[in-house]
2 protein chains.
Amino acid sequence: MGDAIPIKQADISISACSYRRVLEIISSKWSALVIYALEDGMLRYGEVRKRIEGISQKMLTQTLRQMERDGLVRREVTPTVPPVVDYSLTPLGETLIGTMKHLKLWTAEYFPLVERAREEYDRSNGRDEG
Amino acid sequence: MGDAIPIKQADISISACSYRRVLEIISSKWSALVIYALEDGMLRYGEVRKRIEGISQKMLTQTLRQMERDGLVRREVTPTVPPVVDYSLTPLGETLIGTMKHLKLWTAEYFPLVERAREEYDRSNGRDEG
DNA sequence: CCGAATCCGCTGCGATACTG
DNA sequence: CAGTATCGCAGCGGATTCGG
């Protein structure tokens, strides 16, 4: 009798769900890395880029801009020649450090299981069926 | 094991950082919604789709396949005519419920600040430079 | 009912070159 | 040093069609 679950019926409509909101903020491939790079304190643009080796300057700038807009990152320009631009986490951005570490814990504990599941799945499904 | 990274100089190389791993799993736009849809228990394909209104069957199937491969979702086929396919979270998948709720808490607490920051940023930068 | 396969537009992202 | 503008590719993701 109780096998059907009439609660929470129809719509997890995309915008309604809180899950999505954070993901929109931190899941954009590089944002998490930026938080990680800045968690020790302020860095110059080039320093950030050196830490996140593999990022293009386009993506770095774009990511930093978006995070600045979201109030997670502070941007300070010193109008010298050549210019100096420092980036740091805002207090709001720092609240994400804990959140990210929580994710990291999940990864440390469970990701090996995911990898094993993948291997097993690929062995059953990716190669030959029987 | 033995992470112990006191320094963090050069490379947050993309693959090295643990942050990325979870995000690869849950950030693919629909995975989070699937977890949310299934957190009460087993559902049939059509039921899942009804809950996540707005998802195409292509994306739903694709997402479910990937999560099945990752060991997060279990797929049970009952070979009747017409066929019945049930989906449910595996124990591993269920460990993500707590993680997602943690994200949800962050959202509930801080997302309003993000929205305000955005408005302010757009007012300063989107309109006219001040 | 569940799902695979195809077609196709949109955009994310990297590489490059240029400005101040 | 920090950042913008342009091009080109590849993949996401939606609509549709066919199959078991």
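Letters A, B, ... mirror the listed sequences (proteins, then strands); counts begin at 1.
For A:Gln66 and D:dG3, the CD to P distance is 16 Å, given to the nearest whole Å. For the pair A:Leu60 CG and D:dA2 P, the interatomic distance rounds to 10 Å; values are reported in whole Å. C:dC1 atom C1' lies 17 Å from atom CD of B:Glu76, rounded to whole Å. Here C:dC1 presents its C1' atom at 15 Å from CG of B:Leu64, a figure rounded to the nearest Å. Per the geometry, CD1 belonging to B:Ile52 stands 13 Å off P belonging to D:dG13, to the nearest Å. The CG atom of B:Leu43 sits 15 Å away from the C1' atom of C:dC1 (whole-angstrom rounding). Going from atom OH of A:Tyr45 over to atom P of D:dT4 covers 8 Å, rounded to whole Å. Here the C1' atom of nucleotide D:dC12 and the CD1 atom of B:Ile55 are 13 Å apart, to the nearest Å.
B:Arg21 contributes no side-chain N or O that, together with a main-chain N or O of A:Thr107, makes up a donor-acceptor pair within less than 3.5 Å.
Nearest nucleotide to the side chain of A:Lys58, out of C:dA15, D:dA2, C:dT16: C:dA15. Distance from the side chain of A:Gln62 is smallest to C:dC13 among D:dA2, C:dC13, C:dG3. The side chain of B:Gln57 has D:dT16 as its nearest neighbour among D:dT16, C:dG3, C:dG14. For B:Met59, the listed nucleotide lying nearest its side chain is D:dG13; candidates were D:dG13, C:dC1, C:dG14. In the set D:dG3, C:dC2, C:dG3, C:dC2 carries the atom at the smallest distance from any side-chain atom of B:Arg44.
In this model, the phosphate group of D:dT4 is approached by a side-chain N or O of A:Arg65 to a distance below 4.0 Å at OP1 or OP2. The phosphate of D:dC1 has neither OP1 nor OP2 within less than 4.0 Å of any side-chain N or O from A:Tyr87. Taking side-chain N and O atoms only, A:Arg49 has no distance below 4.0 Å to OP1 or OP2 of D:dC1.
Ion pairing of B:Glu47 with B:Lys50 is present here, as a side-chain N (NZ or NE/NH1/NH2) and a carboxylate O approach within less than 4.0 Å.
With the nearest nucleotide of DNA chain D identified for both A:Glu47 and B:Ser56, A:Glu47 has the one nearer the 5' end.
Between A:Arg65 and A:Gln62 the shortest side-chain heavy-atom distance does not fall below 4.5 Å.
The two residues B:Tyr121 and A:Arg69 come nearest to each other via the heavy atoms CD2-CG, 3.5 Å. Nearest heavy-atom pair across A:Ile26 and B:Leu23 is O-CD1, 3.8 Å.
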